[in-house]
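Values in this document were obtained by computation on a predicted structure and should not be read as measured data. Throughout, numbering of the chain's residues begins at 1 and tracks the sequence. Side-chain atoms are counted along with the backbone in the values below, which use heavy atoms only and exclude waters and symmetry mates. Start at 1 and go down the list; that is how both ligands and their atoms are numbered.
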Amino acid sequence: MSRARARRLRELLKVEPGTNIRLADIDPGETHGRDKAASARELPEGLERLTSLQDRLWAEQRHKVLIVLQGIDAAGKDGSIKHVMSAFNPMGCTVTSFKVPTEIELAHDYLWRVHQRTPGKGEIAIFNRSHYEDVLVVRVHDLVPKEVWSKRFAEINAFEELLVAAGTTIVKFFLWIDRDEQRERFQERLDDPDKRWKFRTNDLEERKRWDDYVAAYEEALRRCSTDVAPWYVIPANRKWFRNLAIADILGDTLEDLDPRYPPSDEDLTGIRLV
Ligand code: AMP
Ligand code: MG
């Protein structure tokens with residue numbers, strides 16, 4: 001596993017803060033010179049590396065890691081958790097899928113439910129959707145007035161800055177597929193009885209608002225990719241590349257933290273078992 005190659009991919013896919021990103025310019029089928037056949041070997045290597053890094057991270061009880069997954073319906077958020085995050089020991093790892101807010105959640109500010117699920121020391125917290133829904137679906141459907149949602153980019157940056165100041169490393173992935181790929185995936189969900197549970201007729205209504213979602217994502221990526229909490233745009237039409245890219249970026253990010261098994265806090269010298 002080449003660290004240099006992972007780092008290069010991380011740099012390539014990172015949204016530079018303030019970039020006026022146009023998703024139409026990013027090919028969701030891009031593979032950046034990676035190869036599907038080789039990925040059959042590279043992905044398991046990448047996953048082993050993640051397993052080892054998380055083992056040390058959990059033992060050390062020092063760093064906190066927050067992974068945010070966003071993407072249009074059927075972009076592969078669930079699949080990424082299944083195929084990449086499965087490298088992590090469930091002990092020390094949490095997954096939260098953010099749904100339509102409940103009554104009690106709506107009675108609070110939008111970050112209330114999110115803050116509770118952020119990682120503690122040694123933990124990795126995975127967000128399947130996140131506080132970003134409050135500038136995405138909420139904006140597209142006018143669930144709150146523009147004066148309210150437009151302030152949220154700054155609020156989100158302040159919130160993430162707070163988490164980072166408290167020792168959290170934040171990695172945000174936007175999984176980017178195109179409309180044709182979404183159509184195929186929806187059709188597959190409809191045709192396969194084992195996948196039908198994932199399909200809601202509402203998905204078709206959302207699909208009609210594709211352009212509105214793209215515009216909302218573009219603004220969120222532009223305004224909320226920061227040096228302390230960067231966004232990565234993952235070309236996600238090809239699942240094997242999506243998995244490889246996420247594993248590489250996570251691996252490189254966790255390597256930077258250099259987690260280490262801690263020494264014992266007791267004096268163990270001379271202890272012999274009888
Ligand atoms: P799924 O990810 O398919 O389980 O669906 C979850 C649904 O919850 C999606 O349609 C999201 O748009 C919706 N959702 C998540 N967060 C919010 C939010 N803050 N406000 C409104 N809808 C939300
Ligand atoms: Mg859904």
Side-chain angles (χ1 to χ4, degrees), residues 23 66-85 94-118 125-160 172-179 181-221 223-224 231 234 236-237 239 242 246:
L23 288 171
L66 173 61
I67 302 168
V68 172
L69 284 168
Q70 284 287 164
I72 281 167
D73 292 317
K77 301 181 290 294
D78 297 7
S80 303
I81 294 172
K82 183 170 170 178
H83 296 288
V84 184
M85 313 304 169
T94 60
V95 183
T96 307
S97 296
F98 289 98
K99 307 285 185 182
V100 176
T102 62
E103 201 177 329
I104 187 165
E105 286 169 348
L106 280 175
H108 294 78
D109 69 86
Y110 68 101
L111 293 173
W112 179 74
R113 65 172 183 170
V114 177
H115 207 160
Q116 297 175 58
R117 305 300 298 166
T118 56
I126 298 157
F127 284 0
N128 184 5
R129 303 186 189 270
S130 65
H131 42 300
Y132 282 93
E133 292 294 330
D134 292 281
V135 289
L136 296 165
V137 64
V138 166
R139 168 182 180 167
V140 169
H141 288 278
D142 290 318
L143 300 183
V144 301
K146 180 170 185 184
E147 305 88 79
V148 174
W149 62 252
S150 60
K151 292 201 182 81
R152 289 182 173 171
F153 302 104
E155 290 165 3
I156 287 173
N157 287 342
F159 172 62
E160 293 181 356
K172 300 178 292 195
F173 294 111
F174 168 61
L175 309 182
W176 175 227
I177 58 169
D178 56 34
R179 265 190 118 225
E181 185 64 27
Q182 189 193 51
R183 177 175 36 73
E184 274 172 38
R185 292 185 186 183
F186 277 170
Q187 195 62 54
E188 206 179 308
R189 287 180 182 183
L190 283 164
D191 294 345
D192 180 348
D194 294 350
K195 291 189 176 167
R196 222 163 272 162
W197 64 275
K198 280 195 168 214
F199 189 85
R200 313 283 312 159
T201 48
N202 177 252
D203 289 338
L204 297 178
E205 291 309 308
E206 294 296 273
R207 180 171 162 78
K208 288 182 194 154
R209 299 175 186 256
W210 183 274
D211 293 340
D212 295 339
Y213 273 104
V214 166
Y217 266 112
E218 285 176 340
E219 184 162 8
L221 293 168
R223 300 189 58 180
C224 298
W231 270 107
I234 308 293
N237 270 10
K239 294 174 183 172
R242 173 200 76 203
I246 292 176

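- Of all the heavy atoms in Ile104 and Trp112, the pair that sits closest is O-CZ3, 4.1 Å.
- When hydrogens are left out, the protein atom nearest atom 16 (N) of ligand 1 is Arg113 NH2, 3.2 Å; that is the closest non-hydrogen contact.
- At a cut-off of 3.5 Å, with distance as the only test, a side-chain donor of His141 or Glu206 sits close to an acceptor on the other residue.
- Taking the centre and axis of the six-membered ring of Tyr110, the NZ or CZ atom of Arg152 falls inside the cone set by 45° and 6.0 Å.
- For the atom pair CG (Leu69) and CZ (Arg129), the distance works out to 11.0 Å, reported to the nearest 0.5 Å.
- Proximity of a side-chain donor or acceptor of Tyr217 to a complementary backbone N or O of Gly71 within less than 3.5 Å is detected.
- Taking atom 8 (O) of ligand 1 as the reference point, the nearest protein heavy-atom neighbour is Val100 N, 3.1 Å.
- The proximity of Val138 to ligand 1, defined as any non-hydrogen pair under 4.0 Å, is limited to the side chain.
- Remark: the backbone N or O of Glu188 is not paired with any side-chain donor or acceptor of Asp191 at under 3.5 angstrom.
- Those atoms of ligand 1 with a heavy atom of Asp134 less than 4.0 angstrom away are 19 (N).
- Side-chain contact between Arg207 and Asp73 is absent, with no heavy atoms from C-beta onward closer than 4.5 Å.
- Taking atom 2 (O) of ligand 1 as the reference point, the nearest protein heavy-atom neighbour is Arg129 NE, 2.6 Å.
- Residue, atom and distance of the protein heavy atom nearest to atom 12 (O) of ligand 1 are Glu133 OE1, 3.5 Å.
- Nearest-residue assignment for atom 22 (N) of ligand 1 (options Asp78, Val140, Asn202, Val137; heavy-atom criterion): Val137.
- Among protein heavy atoms, atom 4 (O) of ligand 1 sits closest to Lys99 NZ, 2.4 Å.
- Of all protein heavy atoms, the one closest to atom 18 (C) of ligand 1 is Pro101 CD, 3.5 Å.
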